[in-house]
Amino acid sequence: MSFSSQAKAELCRQPISRKCCAQAECYGILLYANRFDSSEVKIVTESEDFAQRIPGLFQKAFHLAFDRLPQPGQGGKLVFSITALDKLSQLWSDLGYDPGGAVAHHINFGILEEEHCRVSFFRGAFLAGGSVTDPQKGYHLELTTSHRSVNRELLTLMSESAFSPKEAQRGGTYMAYFKNSESIADLLTAMGASLSAMELMNAKAEKDIRGGVNRRVNCDAHNLDKAVDAAQEQLEIIRRAIAKVPLEELPPKLSEAARLRLENPDLTLTELGGLCEPSITKSTFNYRLKKLAELGE
């Protein structure tokens, strides 16, 4: 099961408690369904969880039964439709449309005044026309409709609920989408898919940890390369110095520094300073190397 199907299955387990919220969820489904006009309501889905939810949802919201239902065990694309004019007329009336006129593809904000109804509307829109990417691959949640005005009004509705999607057009469809992992998790949680939201945030945390480890490994490797290059340069300086002045003829402190570096090419300056008698700091040991460099020049 894909992550998107998993999230929708979790949303379909949400109880249908209030009639107003059932109507709001149905409203989201209709505006993001395959067809919603004066002659037919048509909802097509491949989600069996969603298909099981639809009849009870419409019965709770409008006391309506579908004229066409998927056959038991059908699989594939599952189609629900309403074509009876009396049912369509009742549906339009309940949603605030003129039963005698054409369905206006706009969001009726009047039936979505309460926050719990808005969240139910978002859930219906996502179930009918939404998808979310597997967080292991990326962060993307979108709601797609063929109605431009609905998409624009959804952006307004979501902004009033503290969500900030972006909009795009793809062919003849209009899309509201999120790319931010926190925003996607917040919306999933609000709609009722808290487990999917948690899985998304866990995946993000794992990515951040892996990214941090990789950055530290790369940084350590870079620093190691710099240290090796510096040590090789110091060894060359010492060799040039003792080519002019033998090791035993160097001043004692310079002789000690040269000997320790030659004997311990892999140690850091701090570690070499600790081997001196008495021990000295990194900057002091580096100063002695500079004096050796002057002799080599």
Legend entry - Exam field: side chain N286 to backbone K282, donor-acceptor pair closer than 3.5 Å: no
Legend entry - Residue from E48, E25, Q14 passing side-chain hydrogen bond (donor to acceptor under 3.5 Å, both in side chains) with R53: E25
Inset, instruction - Decide whether F126 and M175 are clustered together by the hydrophobic rule: side chain heavy atoms of Ile, Leu, Val, Met, Phe, Trp, Tyr closer than 4.5 Å, transitively. - result: no
Legend entry - 4.5 Å side-chain heavy-atom contact, E167 and Y174: no
Inset, instruction - Would you indicate whether Y287, at its atom OH, is surrounded by more than 12 heavy atoms from other residues, nucleotides or ligands within a distance under 6.0 Å? - result: no
Legend entry - Test item: side-chain donor near acceptor, T83 and E40, under 3.5 Å: no
Inset, instruction - Measure the CG-CD1 distance between L95 and I107 for me, rounded to the nearest 0.5 Å. - result: 12.0 Å
Legend entry - With sequence neighbours excluded, residues passing side chain to side chain donor-acceptor pair (under 3.5 Å) with S5: S2
Inset, instruction - Please confirm whether the backbone N or O of D49 pairs with a side-chain atom of K8, one donor and one acceptor, at under 3.5 Å? - result: no
Inset, instruction - Give a yes or no answer on whether the side chain of K60 reaches the backbone of P55 with a donor-acceptor pair at less than 3.5 Å. - result: no
Legend entry - Side chain T173, main chain R170, donor-acceptor under 3.5 Å: yes
Legend entry - S120 side chain to H116 backbone, donor-acceptor under 3.5 Å: yes
Inset, instruction - Kindly compute the distance separating CZ (R152) from NE2 (H106), expressed to the nearest 0.5 Å. - result: 12.0 Å
Inset, instruction - Treating Ile, Leu, Val, Met, Phe, Trp and Tyr as nodes and any side-chain heavy-atom pair under 4.5 angstrom as an edge, say whether I111 and L30 lie in one connected cluster. - result: yes
Inset, instruction - Answer yes or no: are there more than 12 heavy-atom neighbours, outside R148 itself, under 6.0 Å from its atom CZ? - result: no
Legend entry - F122 CZ to M191 CE distance, which is reported to the nearest 0.5 Å: 9.5 Å
Legend entry - F80: ring pair (Phe, Tyr, Trp, His ring centres under 6.0 Å) partners, not counting sequence neighbours: F66
Inset, instruction - Using only heavy-atom distances, determine whether the side chains of T156 and S159 contain a donor-acceptor pair under 3.5 Å. - result: no
Legend entry - Donor-acceptor contact present, side-chain Y139 to main-chain D134, <3.5 Å: no
Inset, instruction - Measure from the ring center of H140 to the ring center of Y177 and say whether it is less than 6.0 Å. - result: yes
Legend entry - Student check: side-chain heavy atoms of E182 and M201 closer than 4.5 Å: yes
Inset, instruction - Measure the shortest side-chain to side-chain distance between S194 and L188 over non-hydrogen atoms and say whether it is less than 4.5 angstrom. - result: no
Inset, instruction - May I ask you to say whether E256 pairs ionically with R288, meaning some side-chain N is under 4.0 Å from a carboxylate O? - result: yes
Legend entry - Side-chain (T145) to main-chain (L31) donor-acceptor, under 3.5 angstrom: yes
Inset, instruction - Indicate, with yes or no, if L155 and F109 share a hydrophobic cluster defined by side-chain heavy-atom contacts under 4.5 Å among Ile, Leu, Val, Met, Phe, Trp and Tyr. - result: no
Inset, instruction - Can you sort out the partners of A33 under side-chain contact (heavy atoms from CB on, under 4.5 Å), two or more places apart, ordered by chain and number? - result: I43
Legend entry - Joint cluster assignment, I184 & V119, ILVMFWY side-chain distance < 4.5 Å: no
Inset, instruction - Please indicate whether K253 has more than 12 foreign heavy atoms, meaning atoms of other residues, nucleotides or ligands, lying under 6.0 Å from its NZ. - result: no
Inset, instruction - Quick one: pull up CG in L195 and CD in E10 and give me the separation to the nearest 0.5 Å. - result: 4.0 Å
Inset, instruction - Working to the nearest 0.5 Å, report the span between CZ of F178 and CG of L187. - result: 5.0 Å
Inset, instruction - Kindly indicate whether the side chain of V44, heavy atoms from C-beta on, has any atom under 4.5 Å from the side chain of K42. - result: yes
Inset, instruction - Could you tell me whether the side chain of Q90 reaches within less than 4.5 Å of the side chain of L64, counting heavy atoms only? - result: yes
Inset, instruction - Please work out whether the ring planes of H105 and H147 are parallel, tilted or perpendicular, with thresholds of 30° and 60°. - result: parallel
